[in-house]
Amino acid sequence: MKISWKSSLMLFTAAFIWGTAFVAQRVGMDYLGPLSFNGARFLMGSLVLLPVICFNRGKAKKEDKKTGNLRTTALGGICCGMALCAAALLQQYGILYTTVGKAGFITTLYIILVPFFGIFLRKRIPGRVWAGAAIAAFGMYLLCMSESFSLSRGDILVLLCAILFSVHILIIDHFSPRVDGVELSCIQFLTAGVIGSCLALVFEKPDMRDFVRGIVPLAYAGILSSGVAYTLQVLGQKNTDPTIASLILSLESTVSVLAGWAILGQKMTGRELLGCAVVFCAVILVQLPGRKGSSDV
C-alpha cells in the first residue's frame, strides 16, 4: 500500500479543523437547534465551493481538458450527502441522551468498522493497519471514557452514527477517484443541507434572528469545518486507503481535547494525555512503509 504524505496532510488538516470546530458547534447550539444548525452549515459549505467550481471549470475549458462526468458526480454527491446528513444528526441527537465521553468513544468506532466493512468489499487489509485500528480504539477509550460502559438510547444513536460515518468514508473511497473532488463535496453539502433545512422547518421552526445571533460559530462550522475540511477529506482519500484515512481522521477527537484545553481552559488528566499519545502512535504505525513483496494494497 503506497502512502501519499500530501494526502495524509490533507486528512490531518481536516481532522484538525473538525477538532477545533467542536468549540464553534457547542456555542452554536446556544442559538439554534441541531437540525437548523446542521442544515445551515452544510448549505453554507456548499455555497463556499461554488466559486471554486466555476474557476476550475473555466480553467479546464481554456486548457481544453475534460471535466468529470456530471451524472456520476451527482450520484456520488447525493449518496455522500445522505450518509453525512444522517450521521451528523444521529450524533447531535445522541449527545442529548448520553455523556460526551461515551459519544466520543462510540463515534470513533468507525476506525474499526471501516476495515471490517472493507472485507465485504473484498479489500485486503494489512496486518499493521488492523493493529493500528486496535491501538487507536484503546487510545480513544483512555481519552474519552471515564465511566462504566453501558448502552442507553443515546449510545445506540451514536453507534448508528459511527456506522454511517464508516459508510460515508467508503462511499467517498468509491467515488472520489472517478470524479472532481470539489464538485463531489459541493453536491454532498447541498444534499445534506437541503435535507437538514427541510427537517428543521418541520420540527424546529427556526427564527432568522437566531441565525444572525449565531453567525460566528455557524460561519466557522460552515466555511471551515464543512466547506474546507470535508473537501480536504474527499481530495485526501483519492490516494489513501479508507482504513488509513479513518485512522488519520480519528485524530479529530485528540485535537478537540487539545482545543478545549488551549481555548476553553479545560484541563486534561494523565489518562487523557496517555490516550492522545496512544492514538498518535497508532496513526504513525499505519503510515510506516510496508515490506517489499507484502500483500498490502
Side-chain angles (χ1 to χ4, degrees), residues 4-22 24-25 28 37-85 87-88 165 168-197 211 214-240 242 245-246 248-249 251-252 255:
S4 170
W5 291 101
K6 182 179 179 181
S7 296
S8 297
L9 180 60
M10 289 182 181
L11 293 171
F12 173 75
T13 303
F16 181 84
I17 293 173
W18 287 333
T20 54
F22 272 107
Q25 288 177 261
F37 187 85
N38 280 339
R41 68 179 283 205
F42 288 135
L43 286 177
M44 189 177 292
S46 178
L47 290 173
V48 165
L49 294 179
L50 285 178
V52 180
I53 293 174
C54 292
F55 174 80
N56 288 343
R57 282 192 167 265
K59 184 179 179 181
K61 187 176 182 180
K62 287 183 179 179
E63 297 177 356
D64 199 26
K65 292 183 178 179
K66 292 183 178 180
T67 56
N69 184 286
L70 183 59
R71 183 176 179 180
T72 302
T73 304
L75 176 62
I78 292 172
C79 291
C80 288
M82 292 174 65
L84 174 62
C85 181
F165 271 130
H168 181 249
I169 288 174
L170 291 173
I171 292 174
I172 290 177
D173 179 64
H174 176 75
F175 283 101
S176 60
R178 298 170 171 81
V179 300
D180 180 88
V182 179
E183 293 182 6
L184 176 69
S185 192
C186 181
I187 295 175
Q188 81 162 340
F189 293 144
L190 180 61
T191 301
V194 168
I195 295 174
S197 297
F211 290 98
I215 189 61
V216 174
L218 186 59
Y220 187 90
I223 296 173
L224 284 179
S225 183
S226 297
V228 176
Y230 276 106
T231 301
L232 287 174
Q233 179 194 7
V234 172
L235 296 176
Q237 278 195 228
K238 280 194 173 185
N239 299 305
T240 306
S246 68
I248 298 174
L249 294 174
L251 284 172
E252 168 192 356
V255 173

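Nothing fancy with the numbering, it's 1 onward along the sequence.
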Practice problem: Just say parallel, tilted or perpendicular for the rings of F16 and F12, cut-offs at 30° and 60°. | Solution: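 Geometry flag for F12 against F16: tilted rings.
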
Identify the two heavy atoms, one from [X] and one from [Y], that lie closest to each other, and give their separation to 0.1 Å.
X	Y	value
C80	Q188	CB-OE1, 3.2 Å
M44	A219	SD-CA, 3.6 Å
V182	L235	N-CD2, 4.5 Å
G196	C85	N-SG, 4.1 Å
A221	F37	CB-CZ, 3.8 Å
Y220	A24	CD2-CB, 3.7 Å

Is [Y] close to [X] at the side-chain level, that is, under 4.5 Å between some pair of heavy atoms?
X	Y	value
W18	V255	no
S8	I248	yes
L11	L232	no
I187	T73	yes

[atom1] of [X] to [atom2] of [Y]: how many Å apart, nearest 0.5 Å?
X	Y	atom1	atom2	result
H174	L170	NE2	CG	11.0 Å
T72	D180	OG1	CG	12.5 Å
I17	I223	CD1	CD1	11.5 Å
C79	L84	SG	CG	12.5 Å
T191	M82	OG1	CE	8.5 Å
Q233	L184	CD	CG	10.0 Å

Can you sort out the partners of [X] under side chain to side chain donor-acceptor pair (under 3.5 Å), two or more places apart, ordered by chain and number?
X	answer
S197	none
T13	none
S225	R41
S7	S4

- prompt: Which residues pass the ring-ring contact (aromatic ring centres under 6.0 Å, His included) test with F42, sequence neighbours left out?
  reply: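 Partners of F42 by the ring-ring contact (aromatic ring centres under 6.0 Å, His included) criterion come out as none, since no residue qualifies.
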
Audit row: I172, H168, side-chain contact (heavy atoms from CB on, under 4.5 Å) steps and yes/no:
CA-CA 6 Å; I172 290 177; H168 181 249; 3.4 Å; yes

_Contacts of type side-chain contact (heavy atoms from CB on, under 4.5 Å), residue C186, not counting sequence neighbours_ =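 Once residues adjacent in sequence are excluded, the partners of C186 under the side-chain contact (heavy atoms from CB on, under 4.5 Å) criterion are S46, L49, L50, I53.
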
